Asks: 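Structure below; questions to follow.
By convention here, the first residue in the shown sequence is residue 1. Keep in mind that this is a model prediction, so the values were computed, not measured.
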Amino acid sequence: MIILGIHTGHNASACLMIDGRVVGMIQEERFTKRKNQTGYPKESITSLLKRHLDGTMQDVDRVVVASEEDDPYWVALDHYSNFGVKEYVAEMHDYWKPFFYPEDGSEEDGTLYSGDGKYWKDRIDAGGDNLNHDYHFDLSFINDMSWDEAFKFFNSGERLEITRRLFNYDGPIETINHHACHGYYALYGQSLPTENFSNTLVLTADSEGDGSNWSVSIPRPDGSLSLLAHGNDNHVARLYKFVTLILGMKPNEHEYKVMGLSGYSKSRRHIKEVEDVLFEAFDFEDGKFVRRTPLKDSYFDLGARLEGFRFDNIAAAAQNWATEVTAKWMKYWISETGRSGVCFSGGLSMNIKMNGIIAQEPEIDWMNVPASGGDESLAAGACFFAMKSKSEQADGAAQVAPGDVVPMEHVYLGDTPDMDWESGIKEAGGSKEDYGVLEGVGPEQLAKLLAADKIMARCVGESEFGARALGNRSILANPSNGNNLKTINDAIKNRDFWMPFTPSILQEYLDEYIENPKGLISPYMTIGFQTRPEARPKLAAAIHPGDFSARPQTVIKAINSEYWTLIDEFRKLTGVASLLNTSLNLHGDPMNYSLADAARTVALSDLEFLIMPEDRLLFKKSAEPALHQIL
């Protein structure tokens, strides 16, 4: 059974499953070079087919499209890639304020996007930088239909038929519910720390998808999911998103910056004042989400209530509030089901600080949070759903053979780089004459350079899926030197000074560095932990400067032996079983994918070294004296 999963919304992606095992998964942004690219993932599908199926759809048995609905206007405009903070704020004032606060003083009728969609059509007709130039769909129908007509036409026709048109596919195509995809990915996106499902609870939460923003399921003995409850009244992710915008950062992308900022304020009194505002607006009590003083809207009303509070206190309060409300919701369902092993996915699961605190609650035995649980992972969830429901009885119970789905063991599911670095230098306006290539540079030599505080890019092996770099498309440095944090921020990444990096830590030494009483596994940086005080000097540049927490990547030798060996060689030299790790990209770009992408990043930054396949090291000739001195 070969299944192709497709996600066309925020951070579009494609996933290929063969006989129950995910063999490839890629985000479209890696090819278009537009972060969070929305639209049909044509390039991702092409790459998966080329690598695994000789370039054709001939052997694909089933195509599943994640989410039952997508918005053609948002595909055309691509809010996620091309909208900045100014565009979001303008939209708040130009469209949403008149909707919630009509000039005639009447109450809004609750009908979103009603009428002919003139506002959105005007934005599309205006063109400019807000247009999405890589969506691949035929959206010519938009101008001839009302919003409602266009929405229905897109989701019942073009969104499904495009696969037949572009890839000459004549097999079955169906859509899978948004939160069902999140749920199946939560269950199978990472191996469970148990041999059966009897103690497993599956929870999903996000801003919205197919009319819901949360779900609760339990696995049946055969591994399919039984949905217990869902709804659209969990506004934690949605309000956190608007706090992000109110603080002047981009919603649907920069929530992690609010999370990072939250660790700095220590003024408990001022933080609590903001918490009181948020809990009054939204809370969870007695098994229900409650709004004691409901918000008229999530931007203008919330912004007015937060006016006068300092930015760091708002961030800290939003983080604390989101954690407490989510914890109460989770613990309620743990009590209702009698299950204490939690699998969690959806956009809210990207809040690693929240995950780490909730995971330590006594009601929870273990927590699994698979890699990059935002909408980019929906394509994989759709594949798991399809495999588990390939044959159904009338009552909906899936009839499948045990073991027909293989939980994901890793997310190194993209392409391997070719050896073309020169085109990246050329694209950046540089000259290959300014670079040299040293051959036969193994992990021992690379470890010497890292121990000498040389910051290095690494583009080796299959690219990792998701929002977090896991060593194969990473910038690496000595974590013990606090100056490396500033150097990477200022000279390479140009990112916000308050944001921490990640320590990649060898699995065998993990307990020496973090507090982990439950022995949780977090190979994808999805759970935050407190670091041990005695270990903090060793990780000085790779932990949060405000609260000394970390979002570690547990590096497992059986999964990525080359990266494990590099860190181990560094350990032999320094006594530190960790490297500072951050994604290989410039600020605002998606994670680099090809060797040319990586070389371009080196050329446009102060990076001097790029670790390439086949034990080759690209270096700027200006760094050649230091290179030979160290090696």
Asks: For Ser345 and Thr204, test the side chains for any donor-to-acceptor distance below 3.5 angstrom and give the result as yes or no.
Replies: no
Asks: Would you say the side chains of Tyr412 and Ser463 form a donor-acceptor pair under 3.5 Å?
Replies: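 Their side chains do not contain a donor-acceptor pair, so the 3.5 Å distance test is not met.
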Asks: Pairing donors with acceptors under 3.5 angstrom, does anything connect the side chains of Asn252 and Asn36?
Replies: no
Asks: Check the side chains of His179 and Asp206 for a donor-acceptor pair under 3.5 angstrom, ignoring hydrogens and angles.
Replies: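 On atom types as modelled, these side chains qualify, holding a pair under 3.5 Å.
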Asks: Hey, is the main chain of Ala467 close enough, under 3.5 Å, to the side chain of Ser372 for a donor-acceptor pair?
Replies: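 Yes, because the side chain of Ser372 sits within donor-acceptor range (under 3.5 Å) of the backbone of Ala467.
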Asks: Salt-bridged, Glu253 to Lys241, with N to O below 4.0 Å?
Replies: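 The answer is no: the pair does not qualify as a salt bridge.
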Asks: Using 30° and 60° as the class limits, which term best fits the ring planes of Trp329 and Trp214: parallel, tilted or perpendicular?
Replies: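 Correct class here is perpendicular.
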Asks: I'd like to know if the side chain of Lys328 and the backbone of Asp283 have a donor-acceptor N/O pair within less than 3.5 Å.
Replies: no
Asks: Within a reach of under 6.0 Å around CD of Gln629, are more than 12 heavy atoms found that belong to other residues, nucleotides or ligands?
Replies: no
Asks: Taking Lys620 for the side chain and Leu607 for the main chain, is one N or O donor matched with an acceptor at less than 3.5 Å?
Replies: yes
Asks: State whether the side chain of Ser474 and the backbone N or O of Leu476 hold a donor-acceptor pair below 3.5 Å, judged by distance alone.
Replies: no
Asks: Would you tell me whether Gln553 and Asn581 have side-chain atoms, one donor and one acceptor, within less than 3.5 Å of each other?
Replies: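 A donor-acceptor contact under 3.5 Å links the two side chains.
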Asks: Keeping the roles fixed (side chain from Gln530, backbone from Glu515), state whether a donor-acceptor pair exists under 3.5 Å.
Replies: no
Asks: Is a donor from one side chain sitting under 3.5 angstrom from an acceptor on the other, for Asn320 and Lys272?
Replies: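 Not at all, the side chains of Asn320 and Lys272 share no donor-acceptor pair under 3.5 Å.
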Asks: Output all residues satisfying side-chain hydrogen bond (donor to acceptor under 3.5 Å, both in side chains) with Glu508, sequence neighbours left out; order by chain, then residue number.
Replies: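 With neighbours one apart ignored, the set is Trp564.
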Asks: May I ask you to check whether over 12 heavy atoms, not counting those of Arg339, lie within 6.0 Å of atom CZ?
Replies: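 Check passes, neighbour count above 12.
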Asks: Please report the interatomic distance NE2(His10) to CG(Asp375), rounded to the nearest 0.5 Å.
Replies: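 Spacing of NE2 (His10) from CG (Asp375) equals 7.0 Å.
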Asks: Keeping Asn234 on the side-chain end and Val236 on the backbone end, is there a donor-acceptor pair under 3.5 Å?
Replies: yes
Asks: Verify whether one side chain among Asn199 and Ser340 offers a donor that lies under 3.5 Å from an acceptor in the other.
Replies: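 The answer is yes; a qualifying pair exists.
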Asks: Closer than 3.5 angstrom, by distance alone: can the side chain of Arg458 be matched with the main-chain N or O of Gly471 as a donor-acceptor pair?
Replies: yes
Asks: Without hydrogens or angle criteria, can the side chains of Asn484 and Asn478 be said to hold a donor-acceptor pair below 3.5 Å?
Replies: no
Asks: Tell me yes or no: between the side chains of Asp511 and Asn516, is some donor less than 3.5 Å from an acceptor?
Replies: no
Asks: Take a 6.0 Å sphere around NZ of Lys331 and say whether it holds more than 12 heavy atoms from other residues, nucleotides or ligands.
Replies: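 Yes, the 6.0 Å shell around NZ holds more than 12 heavy atoms from other groups.
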Asks: For Ile357, does its backbone N or O pair with a side-chain atom of Gln360 as donor and acceptor, under 3.5 Å?
Replies: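 Side chain of Gln360 to backbone of Ile357: no pair is present.
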Asks: Between Glu273 and Asn313, do the side chains contain an N or O donor and an N or O acceptor separated by less than 3.5 Å?
Replies: no
Asks: So that I can tick it off, tell me whether Arg571 and Asp568 are bridged by a salt bridge, with the cut-off set at under 4.0 angstrom between side-chain N and carboxylate O.
Replies: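 Salt bridge present between Asp568 and Arg571.
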Asks: Side chains of Tyr240 and Gln319 only: does a donor on one sit below 3.5 Å from an acceptor on the other?
Replies: yes
Asks: Can you confirm whether Lys518 is buried at NZ, in the sense that more than 12 heavy atoms of other residues, nucleotides or ligands lie under 6.0 Å from that atom?
Replies: yes
Asks: Check this for me, if you would: do Lys557 and Glu562 make a salt bridge, where the nitrogen-to-carboxylate-oxygen distance has to be below 4.0 angstrom?
Replies: no
Asks: Are Asp589 and Lys493 ion-paired here, with the side-chain N under 4.0 Å from a carboxylate O?
Replies: no
Asks: Side-chain donor-acceptor pair under 3.5 Å between Lys353 and Ser262, yes or no?
Replies: yes
Asks: So, Thr531 side chain and Phe548 main chain: donor-acceptor pair closer than 3.5 Å or not?
Replies: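 It does hold such a pair.
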Asks: Would you please indicate if the ring centroids of Phe609 and Phe619 are separated by under 6.0 Å?
Replies: no
